[in-house]
Amino acid sequence: MKQQVLADSAWQRIVNFAADKATPCVIIDLDTVRSKYRELLAAFPFAGIYYAVKANPDTAIIRCLHELGAYFDIASVFELKKLLDLGIPAARMSYGNTIKKSADIAYAHQQGISMFASDCESDIRKLAKFAPGSRVYIRVLTEGSETADWPLSRKFGCQADMAIELIMLARDLGLVPYGISFHVGSQQRDIATWDAAIAKVRFIFDRLAEADIHLEMINMGGGMPANYGNRHHDIEAYGNAIRRFLDEDFGDHQLQVLIEPGRSLVAEAGVLVSEVIQVSRKSQESLDRWVYLDVGLFGGMIEAIGEAIQYPMVCDRQSDELDEVIIAGPTCDSMDILYEDHRYSLPVDLQEGDRLFWLTTGAYTTSYSSIEFNGFPPLASYIIE
Ligand SMILES: Cc1ncc(COP(=O)(O)O)c(C=O)c1O
């Protein structure tokens, strides 16, 4: 499994680095971030790459991507402040969250943010008042939640008819109608979901052109996959297919294309190192062996909820005899079970202190880990430059 995910040299670098580190922690290898960025650039040469900072807001990652020329998708004024403090100009950011306080819109506008996502009338009115003259793009609902491992459906976006009305309202209120966005769901395994979404955007462009509003931009969100060791197309296949869909629907159009990758840029750069605290059975005869780790749903592995994301795992104890286990976290919350249906196999002589390395954990782990649940500190993170 490991070989399918990480090159041997990268793996060794991480294992050596982790040897004297207390667990749990995530080790991020910036070389992998760099190569994933170059891979995305090669696959999507027609698109501006806006890194979704929420995936991993580590300053070293942000700096590294800034040096490589990335733009940034921010979700809050806190991400905005962080990036400004790192010397990244507001012009290189897009405020991609459709849920914003008036005061935050005003602050972002003051700081120079000029591009905002929106999906409802009240937000458009707030933008017109507190960020006058800004460029807005409307997020539309898309299909595809069944084929995304981490769906983002329902909560964000609006139907096409409403998107058209909102763009008209934006124009009437003095905002600049700029484009349409969507997100087909994170770790989206079906590339065809972009096809349907792009066709919907084209329909909206055409309807608005009839009202003499000529949109310029399509923001195709994230959703491109990371390698979790299971079957998936590579980034190049995504780029080629999506370019074809764009050509089919927008071949006759001058179009600015944006993507907002998070997971596909940083997940593979991370390895979460954990330790076994306890191994037990509920009765002498029980077939189920429970393995309790020092990391769980609340310590950074929340995407294992519902076993949605199944991280590749490597155990440092070598053994010929393996048996299936149930894996759980360390907190006093019975929700804190990582994997029960998806059975990982571990050595029958697994013991306290053995290390489990969780691969492809560079995205949505540190940023999701709780501050002090059961007293446990947030997940530690180290960078290998
Ligand atoms: C607006 C927006 N853009 C981009 C992303 C990143 O998506 P992914 O990690 O699938 O690339 C997210 C994820 O939640 C998002 O909400």
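Counting convention: from 1, in listed order, for ligands and their atoms alike.
- A distance-only check finds a donor-acceptor pair linking the side chain of Thr147 to the backbone of Gly144 [under 3.5 Å].
- Heavy-atom proximity to Pro261, at under 4.0 Å, picks out these atoms of ligand 1: 11 (O).
- Among the atoms of Ala52, none of the N or O lies under 3.5 angstrom from an N or O of ligand 1.
- For atom 15 (C) of ligand 1, the closest heavy atom belonging to the protein is Lys54 NZ, 3.2 Å.
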- Chi angles and distances behind the salt bridge (charged side-chain N to carboxylate O under 4.0 Å, His left out) call for Lys82, Asp85: CA-CA 5 Å; Lys82 182 169 197 166; Asp85 285 350; over 6 Å; no
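- Using a 4.0 Å cut-off between heavy atoms, Gln188 makes no contact with ligand 1 at all.
- In this structure, atom 3 (N) of ligand 1 lies nearest to the protein heavy atom Glu260 OE1, 2.6 Å.
- Contacts with ligand 1 closer than 4.0 Å are made by side-chain heavy atoms of His183 only, the backbone lying farther away.
- Between Tyr71 and Tyr50, the ring planes lie parallel to each other; the angle is under 30°, not in the 30° to 60° tilted range.
- Atom CG in Asp119 sits 7.5 Å away from atom CD1 in Ile138 (nearest 0.5 Å).
- The atoms of ligand 1 that sit less than 4.0 Å from any heavy atom of Arg139 are 1 (C).
- At a cut-off of 3.5 Å, with distance as the only test, a side-chain donor of Ser94 or Tyr137 sits close to an acceptor on the other residue.
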- Going through the distances and angles, do Phe44 and Ile235 end up as a side chain to side chain contact (heavy atoms under 4.5 Å, CB included)? CA-CA 9 Å; Phe44 290 86; Ile235 294 292; 4.1 Å; yes
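- Within the 4.0 Å heavy-atom criterion, neither part of Lys155 lies near ligand 1.
- Checked by distance only, ligand 1 and Leu152 stay at 3.5 Å or farther apart across all their nitrogen or oxygen atoms.
- Side-chain contact of Ser186 with Arg263: a donor-acceptor pair under 3.5 Å is present, judged by distance alone.
- Looking only at protein heavy atoms, the nearest one to atom 11 (O) of ligand 1 is Gly262 N, 2.8 Å.
- Contact annotation: for Tyr364 versus ligand 1, heavy atoms closer than 4.0 Å belong to the side chain alone.
- In terms of N/O distances under 3.5 Å, ligand 1 is approached by Arg263.
- The side-chain tip of Arg202 points at the ring of Phe250 from less than 6.0 angstrom away and within 45° of straight on.
- Counting heavy atoms under 4.0 Å from ligand 1, residue Leu265 does not touch it at all.
- Between Phe298 and Phe376, the ring centre distance reaches or exceeds 6.0 Å.
- Atoms of ligand 1 found under 4.0 Å from any heavy atom of Ser186, numbered from 1 in the order shown, are 8 (P), 9 (O), 10 (O).
- Taking a 4.0 Å cut-off on heavy atoms, Ala55 fails to register as neighbouring ligand 1.
- If you check the side chains of Glu307 and His342, you find no donor sitting under 3.5 Å from an acceptor.
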